[in-house]
*Asks:* 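Below you'll find the structure I mean.
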Amino acid sequence: MKPEGKVTALLPWLFQAHLLGRARRRRPALEDPELVVDAPALEPDPALVDMAASMVSGDVVPVDAVTATSAEDAEALSERQPANEELPLGQAGGGDGHAALISQAFIDALSTGLFDPKWYQATYGLRFATQREAFDDYLRKSRFAPVNPSPRFDSETYHRMYMDVFHAQQSPLQHYLLHGRSEGRQHAPATVRWHPRQIVTSSVVLGEAASTLKVALCLHVFYADFLDRFAEAIARFPIEVDVFLTLAAAEHEEKAQAAFAEHPRVRALHTRVVPNRGRNFGPMLVEFGPQLGEYDLLCHLHSKKSLYSGKEQTQWAEYLIEYLLRDVSVITRLLNAFAEDESLGLYYPTTFWMMPAWVNHQTMNKGFMQTWQRELGLGPIPDFLSYPAGGMFWARPQALRGVIDRGWSYDDFPPEPLPNDNSMLHALERVLGPLVEHRGYRQLFFYPPTGQFTTDSGYITASYHGRLSNHLASIQAHSYISFDVFDTLVRREYMVADYAKLKLGKQLAEQGRVVSARAFVKLRNEAEASLRQRANFQGDVDIVAIYDEIAERLEVSPAQAQAWMRQEFELDLEMIRPKDEMVELFNHLAASGHVLWVISDTYYTRDQVGLMLRKAGVSAAYRLMVSSAEQARKDNGSLWHKVKQDLSAEGVQRHLHIGDNVVADAQMPGDLGLTTFHILHPRDKWRALGFPEVLVGDEALDEGEILKWGRLISEVGRNPFIGE
């Protein structure tokens, strides 16, 4: 996951997290496993509109006419660039109603230079007969993909600023020319957010080896209208394919036959009507798993929809269909790449651009991930990882050995309804990338903004590049702001949370109270876990109760155990250091009149946390909520319910939470519709920078390793932004 490129941070992660938080809602019914119901309409953030104005004035780095930033990139671009001939204009006028408006937009786009046909086809490796054909291609794709019409207009920025345009599934430039310009809406120049490295180049002309590939197209269809959508997507497919189709209802069979049985690109059609079990993975694996091993490549897609204010949303699905199935240039280059390089094992486009950066994470699936790790014999999997978010991909069947050839039954999969996250299927989606790499293959990604293939997985943390000043305006737009404590406002000098316990254990071992320092850490953590289990994991426990439990286990007086408790806290307090930029932000916000809360999942008491914050330099007034006192936790959502109730009681409309834990500080509050700003944990930043994997397994409690690496990781993570 080493990101080697540079990024100009454009928009705050909090806006992305806000979108996903509103979008993630409980699936409405057992019979609709692929349907997501979204929340009421989002209003554009005024701070983002102001930010766009600064972009136009030149405060961000625009792309130039050639997006390549190195000799390697330039060579890659020239490899796929069509001949530089002048394109004829094409249909520029005529028609009535909507057609006339589009023609008007086309002429305006050319005359203003906001659409550059030659730049567009060169950047995205496409060929068009006319300028109007190129414009129509942009209009279609820009409804769901971050493609730009020229160096003068950034489509993603416009969609992020004006969510009404995104949810209406309108092309950004079309909206700007027909409506936005007269409404005073802003636009920004095209911006390079991430420069992929390790570019993979291949010809836009199908090679002989690629033409002979045996390909299985695996489609799971819950919504019947996707049958026509998939059939149309392969109308210009470079080679013939065998279609393996699983249908959620028998009444879809007739339509499936009509769509695919006589399709010119379909060599053979296999259909099955399947039960509602295993979502999109189960039917493919149960019905066709053994057969798929006979193919050179398989492509897996499924129907995917969401609802927003009663309107069907298909942008994510269209994005995946485009770059997995429909874009002829992409698919031709993809087939050539797989034919030419046997080390490539898995392909998918980079994560849908409207998802928050933290979606590239194990999230709350760690338990199920560990099960898959054991069953597949995989090594450690980092928290942030590249995987096909949405469950659609291309793969070599042999790269998926252990999954595709397992011999599945529907009973192997959990019954519906499934939660939004935290199931073996959510973990299976995430384990595909690590599995392929474990088998000795590489992952291949397509980055739509630059039209490039790459094996660089740096996109998963690209949104964390930049500096605090990039986000200050949007943070300040919220009247109430809450902060996490550990690894957000404060850090530990040696990073390892259990180091204070280890140091105390070392002292107790010298006194003959315990066998070893590690044995004490184990005892200390088992005592905490036992108290949680006895309480049926309701509420939370505090450090006082933990040491009362230790007193019983070690048969010492409660007073003696409480003295040890104070020692543990003092050892931890001694190692507390500020995250300077975050503490400065906290104090600045207080001076600016913001109402500040501090919210932490911790066994420490409220007074103990207050001492840590004071040592770190937090000098402003704040409300402090700690799980041990509130008897509710962030990581299971119970504390966030209380926070939301309190905000509602106070009539707060604009609240923002800032924290480093993906589940506790981003996913859980996001599920409740709260706005979040996720920052990197020191260990995640360390990994994103490509530093070695350290302090894992037994090393995590090796004092020599802690002293060697812990301070380095803590110092690297002092500032949560990459490249600051």
Side-chain angles (χ1 to χ4, degrees), residues 484-532 540-551 553-554 556 558-579 598 600-618 626-629 660-661 681-683 686 694-715 717-718:
D484 173 49
V485 177
F486 297 101
D487 299 306
T488 296
L489 288 171
V490 308
R491 60 189 173 95
R492 291 178 167 97
E493 183 178 10
Y494 295 96
M495 201 276 296
V496 177
D498 279 351
Y499 189 31
K501 303 171 192 174
L502 189 71
K503 294 178 79 171
L504 174 59
K506 188 176 180 181
Q507 295 176 16
L508 296 180
E510 291 171 353
Q511 298 169 16
R513 300 280 192 173
V514 293
V515 175
S516 67
R518 287 192 180 208
F520 175 74
V521 175
K522 181 179 180 182
L523 170 69
R524 159 68 175 79
N525 291 341
E526 284 178 349
E528 181 179 345
S530 176
L531 290 174
R532 296 187 191 282
D540 204 2
V541 301
D542 64 29
I543 194 169
V544 175
I546 292 170
Y547 274 87
D548 284 341
E549 176 74 10
I550 289 174
R553 294 188 178 211
L554 291 182
V556 300
Q560 177 63 75
Q562 291 304 310
W564 293 342
M565 179 274 290
R566 290 188 291 274
Q567 279 184 267
E568 178 187 327
F569 170 69
E570 288 164 4
L571 288 167
D572 214 359
L573 178 65
E574 182 182 354
M575 293 185 287
I576 289 296
R577 301 289 183 269
K579 295 193 75 167
V598 176
S600 180
D601 276 350
T602 181
Y603 42 74
Y604 284 131
T605 67
R606 185 182 281 110
D607 289 342
Q608 288 170 331
V609 173
L611 284 172
M612 290 179 163
L613 292 170
R614 193 178 312 158
K615 182 184 179 186
V618 172
V626 297
S627 60
S628 60
D660 71 284
N661 188 290
H681 184 279
R683 186 185 291 277
W686 175 268
V694 295
L695 295 179
V696 295
D698 290 341
E699 287 184 3
L701 286 179
D702 184 315
E703 187 169 24
E705 292 297 306
I706 292 172
L707 294 174
K708 178 180 179 181
W709 295 108
R711 180 178 287 176
L712 286 173
I713 298 174
S714 182
E715 285 296 322
R718 179 190 58 78

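Just so you know, residue 1 is the first one in the sequence shown, and it goes up from there. Atoms considered below: every heavy atom in the structure, side chains included; atoms not considered: hydrogens, waters and symmetry mates. Quick caveat, the model's predicted, so the values are computed rather than measured.
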*Asks:* Only counting residues at least two apart or in another chain, list the ones meeting salt bridge (Lys or Arg N to Asp or Glu O under 4.0 Å) with R518.
*Replies:* none

*Asks:* Can you sort out the partners of Y494 under ring pair (Phe, Tyr, Trp, His ring centres under 6.0 Å), two or more places apart, ordered by chain and number?
*Replies:* Y499

*Asks:* Of all residues at least two apart in sequence or in a different chain, which pass the side-chain hydrogen bond (donor to acceptor under 3.5 Å, both in side chains) check with K501?
*Replies:* D498, N525

*Asks:* List the atom of L571, the atom of A500, and the distance in Å for their closest heavy-atom pair.
*Replies:* CD1-O, 3.7 Å

*Asks:* State which residues pass side-chain hydrogen bond (donor to acceptor under 3.5 Å, both in side chains) with E568; sequence neighbours excluded, sorted by chain then number.
*Replies:* R524, Y547

*Asks:* Which atoms form the tightest heavy-atom contact between M565 and V544, and what is the distance?
*Replies:* CE-CG2, 4.1 Å

*Asks:* W709: what forms a side-chain hydrogen bond (donor to acceptor under 3.5 Å, both in side chains) with it, not counting sequence neighbours?
*Replies:* E705

*Asks:* D487: what forms a side chain to side chain contact (heavy atoms under 4.5 Å, CB included) with it, not counting sequence neighbours?
*Replies:* D660, H681, P682

*Asks:* Is atom CD of Q560 surrounded by more than 12 heavy atoms (other residues, nucleotides or ligands) closer than 6.0 Å?
*Replies:* yes

*Asks:* Donor-acceptor pairs under 3.5 Å, side chain of residues 507-516 to any protein atom, not counting sequence neighbours: which ones?
*Replies:*
| unit_1 | atom_1 | unit_2 | atom_2 | d |
| --- | --- | --- | --- | --- |
| Q507 | OE1 | Q567 | NE2 | 2.7 |
| S516 | OG | A519 | N | 3.0 |

*Asks:* Taking side-chain hydrogen bond (donor to acceptor under 3.5 Å, both in side chains) as the test, write out the residues that go with E570, two or more places apart.
*Replies:* none

*Asks:* Taking the side chain as everything from C-beta on, heavy atoms only, tell me whether T602 gets closer than 4.5 Å to V609.
*Replies:* yes

*Asks:* V598 and side-chain contact (heavy atoms from CB on, under 4.5 Å): which single residue from T488, V618, V626, L613 fits?
*Replies:* L613

*Asks:* Who are the ring pair (Phe, Tyr, Trp, His ring centres under 6.0 Å) partners of F486, not counting sequence neighbours?
*Replies:* none

*Asks:* Indicate yes or no: does E703 engage K503 in a salt bridge with an N to O separation below 4.0 Å.
*Replies:* no

*Asks:* So L554 and L523, do their side chains get closer than 4.5 Å, heavy atoms only?
*Replies:* yes

*Asks:* Applying ring pair (Phe, Tyr, Trp, His ring centres under 6.0 Å), name anything that partners Y604, two or more places apart in sequence or on another chain.
*Replies:* F569

*Asks:* By the salt bridge (Lys or Arg N to Asp or Glu O under 4.0 Å) test, which pairs, at least two apart or in different chains, include something from residues 542-551?
*Replies:* R534-E549, E549-R553

*Asks:* side-chain contact (heavy atoms from CB on, under 4.5 Å) for I713 and L695? Distances and angles first, verdict last.
*Replies:* CA-CA 10 Å; I713 298 174; L695 295 179; 4.1 Å; yes

*Asks:* Return each pair, listed once, that meets salt bridge (Lys or Arg N to Asp or Glu O under 4.0 Å) where at least one residue sits in residues 604-618; pairs must be two or more places apart or across chains.
*Replies:* R606-E630

